[in-house]
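Keep in mind the model is a prediction, meaning the values are calculated, not measured.
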Amino acid sequence: NQVNNPNQHHHDENYEFTDSDRTNISGVVIRFITNALLLVLSGVFNITRALFHVSRGDYFPSVVVLTSGFVFMAMGFTFFNPADNLRKILITKGRDIEEVMKAITELASGFGRLTFFLMAMLIFEIITTTFLFQQ
């Protein structure tokens, strides 16, 4: 006779996360959403700052902060889909593995985009810094 351990995970199609697992997942969802919102807000503030630069006739700084604003916003939106898939684990029954796999797929895609955004931002920063040093 096997003793059922409530902390032991059974890997079958009816697998459901434990309450402890759900608490951990909830923490991850909160972190994803918090970071996503902070990135989006940073983007909004950069775009606002770009409008301020345009109003003063400072076009080069406006292009720099406008571009970085859109990149920050794009990075922020990258985290909303995986957060939503993980959140569904907390509210649905019988679909935990399916939602985890969707979240992992979204994360892989999102981190790929994030790498692209960060590389693009770095190249943009190098170009704008070089431009500033040449003036």
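Heavy-atom minimum distance, Gly76 versus Val40: CA-CG2, 3.9 Å. Shortest non-hydrogen contact noted between Ala83 and Ile33 is CB-CG1, 3.8 Å. Here the closest non-hydrogen pair linking Met73 and Gly43 is CG-CA, 3.7 Å. The two residues Asn46 and Gly69 have their closest heavy-atom pair at CB-CA, 3.5 Å.
Between the CG atom in Leu114 and the CG atom in Leu107 there is a gap of 10.5 Å [rounded to 0.5 Å]. Rounding to the nearest 0.5 angstrom, the gap separating the CG atom in Asp96 from the OG1 atom in Thr18 is 10.0 Å. Considering CD1 of Ile25 and CD1 of Ile89, their distance stands at 4.5 Å, rounded to 0.5 Å. The CG atom of Leu41 sits 10.0 Å away from atom OG1 of Thr48, with the distance rounded to the nearest 0.5 Å.
For the side chain to side chain contact (heavy atoms under 4.5 Å, CB included) criterion with Asn85, the lone passing option out of Glu98, Glu99, Met101 is Glu99. Each of Phe77, Phe79, Phe117 was evaluated against Leu39; a single residue qualifies, Phe79, per the side chain to side chain contact (heavy atoms under 4.5 Å, CB included) test.
Counting non-hydrogen atoms of other residues, nucleotides and ligands closer than 6.0 Å to CZ of Phe60 gives a total above 12. For Arg31, the CZ atom counts as loosely surrounded, since its 6.0 Å shell holds 12 or fewer non-hydrogen atoms of other residues, nucleotides or ligands.
Side-chain contact between Phe32 and Thr78: absent, with no pair of heavy atoms (C-beta onward) separated by less than 4.5 Å. For the pair Leu118 and Met75, the minimum side-chain heavy-atom distance is below 4.5 Å. For the pair Phe124 and Val71, the minimum side-chain heavy-atom distance is 4.5 Å or more.
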- Kindly indicate, with the supporting measurements, whether the criterion salt bridge (Lys or Arg N to Asp or Glu O under 4.0 Å) is fulfilled by Glu106 and Lys102. CA-CA 6 Å; Glu106 289 287 343; Lys102 285 181 184 177; over 6 Å; no
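Side-chain N/O atoms of Arg22 and Ser26 include no donor and acceptor closer than 3.5 Å.
By the rule that hydrophobic residues join a cluster once side-chain heavy atoms approach within less than 4.5 Å of another member, Val44 and Phe72 end up as members of one cluster.
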